[in-house]
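Note sheet for the following structure.
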Amino acid sequence: MRALYFAFVRERIGKAEEEISPPENIKTVADLMGWLRGQGENYAAAFANIKTMRAALDRTHVKHDALIGNAREIAFFPPMTGG
Amino acid sequence: MRALYFAFVRERIGKAEEEISPPENIKTVADLMGWLRGQGENYAAAFANIKTMRAALDRTHVKHDALIGNAREIAFFPPMTGG
Amino acid sequence: MSARIIVRVQKESFDASTEAAALTQGRRDIGALVTFTGLCRDEGGALAALGIEHYPGMAEEEITRVAREAASRWPLEGIVAIHRYGLIQPGEPIVLVVTASTHRAEAFAAATFLMDYLKTEAPFWKKQHLSGSGPENWVESKAEDNAAVQKWRV
Amino acid sequence: MSARIIVRVQKESFDASTEAAALTQGRRDIGALVTFTGLCRDEGGALAALGIEHYPGMAEEEITRVAREAASRWPLEGIVAIHRYGLIQPGEPIVLVVTASTHRAEAFAAATFLMDYLKTEAPFWKKQHLSGSGPENWVESKAEDNAAVQKWRV
């Protein structure tokens, strides 16, 4: 699946998007964040504060317990500050 | 003192303003409305519903029990419908 | 810092963006600008025009008083309040309120407050000129407008 | 009757009155027009520019979703919502919301609602570029903005 990173998440990971292939046992958004955190120091820094992290599955806001299912795109970003 | 009439009050009385000289015993706005009501059929029609009539003394909104005092200008009008 | 207050009562139409620009031009400290324009509705074709009568002098004074009250309630950078009188055609603007502030909540609250007061305290009266050879009617004040202004009296 | 909804996410600036005119042009049934413009503040000279990042695609979808939600909550004739991205200088506009309705209460409520949602739900992130050789900071989300949007969830 495609992973997109925005704002400080993008900066800390060092890329705006990438193709990811999490293992079978990764079911929820929370699972995926935990898995990504283990992918290197940059990911660990990006996901240091998982509690405030926001996620969108196929461009829809979701909570951390949401199932990833067949989503093609997941995005991670800090709380929005538009307007 | 100068009396000003607006909207339907003006139309019913048939003039926009006039000089009035109420007798000494007219102390309040309510007194003045009662006195004006007796000045002819047109005035009676204008002040038929005294309860909803609004008044301003020297361009300041006042209640019916306000004392006229030395005001130089009094205005009578229906509830405002600006905006 | 006190808000800049611009009040006008006029027969002519106005351009909302020109008036708003008077508050923001050259400024770098204004974060929120709210503009309210009240327009003449044709009431489903029934209305040919609106005749607006006002109390010259008191109208300006009353609007200024309410604008100052708004500036004392909220931290505003500027207020524009313009009200027209005379014959107004459907589709034309009648009233304009612009509020400028650092943050949006204050600008929205002040603009709402100003309109609630203008509706019920500013000495203007609307007469409907109906289409065809229909009669002319003075617009009655609305209970909802009176209720709206009451909520600001603390 | 459904509201006309215009949503744009763009790098370029916008003219509020031109955008508002799209809703009112040729109309004689709109009584109230509310325009909100959010502008870039210089924070007392500390801010050189604001960099706005967005999630292309989702930003438009999310604003459209919120605009439709507003149109379902209030009887609106039209909505314009425009949000910019990229580098924005102090004094420049960032976001525009226009609501057109028969009466003012609905237009004010819908514009406030839209801004509360845009602040917290639309995928945009602001980075402050400070004056001089100061650092760049991501703007933190505000508790007051989160509280503001919560009040609409019934």
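So that the names make sense, note that chain A is the first sequence line, chain B the second, and so on, each numbered from 1.
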At a 3.5 Å cut-off, give me the donor-acceptor pairs between chain D and chain C, one pair per line with the distance.
| residue | atom | partner | partner atom | Å |
| --- | --- | --- | --- | --- |
| Ser17(D) | OG | Ser17(C) | OG | 3.4 |
| Arg28(D) | O | Asp42(C) | N | 2.7 |
| Arg28(D) | NE | Asp42(C) | OD2 | 3.4 |
| Gly31(D) | O | Leu39(C) | N | 2.8 |
| Leu33(D) | N | Thr37(C) | O | 2.9 |
| Leu33(D) | O | Thr37(C) | N | 2.8 |
| Thr35(D) | N | Thr35(C) | O | 2.8 |
| Thr35(D) | O | Thr35(C) | N | 2.8 |
| Thr37(D) | N | Leu33(C) | O | 2.8 |
| Thr37(D) | O | Leu33(C) | N | 2.9 |
| Leu39(D) | N | Gly31(C) | O | 2.8 |
| Arg41(D) | NE | Thr102(C) | O | 3.4 |
| Asp42(D) | N | Arg28(C) | O | 2.7 |
| Asp42(D) | OD2 | Arg28(C) | NE | 3.4 |
| Thr102(D) | O | Arg41(C) | NE | 3.3 |
| Arg104(D) | NE | Asp116(C) | OD1 | 3.3 |
| Arg104(D) | NH1 | Asp145(C) | OD1 | 2.9 |
| Arg104(D) | NH2 | Asp116(C) | OD1 | 2.9 |
| Arg104(D) | NH2 | Asp145(C) | OD1 | 3.2 |
| Asp116(D) | OD1 | Arg104(C) | NE | 3.3 |
| Asp116(D) | OD1 | Arg104(C) | NH2 | 2.9 |
| Asp145(D) | OD1 | Arg104(C) | NH1 | 2.9 |
| Asp145(D) | OD1 | Arg104(C) | NH2 | 3.3 |

Inset, instruction - Check each atom of Ala111(C) against the heavy atoms of chain D and say whether the ones under 4.5 Å are side chain, backbone, both or neither. - result: both
Legend entry - Within the 6.0 Å centroid threshold, strictly below: Phe108(C) and Phe108(D): no
Legend entry - For chain D, the option from Gly31(C), Pro90(C), Gly91(C) that forms the most heavy-atom pairs under 4.5 Å: Gly31(C)
Legend entry - Toward chain D, the part of Ala16(C) with a non-hydrogen atom under 4.5 Å: neither
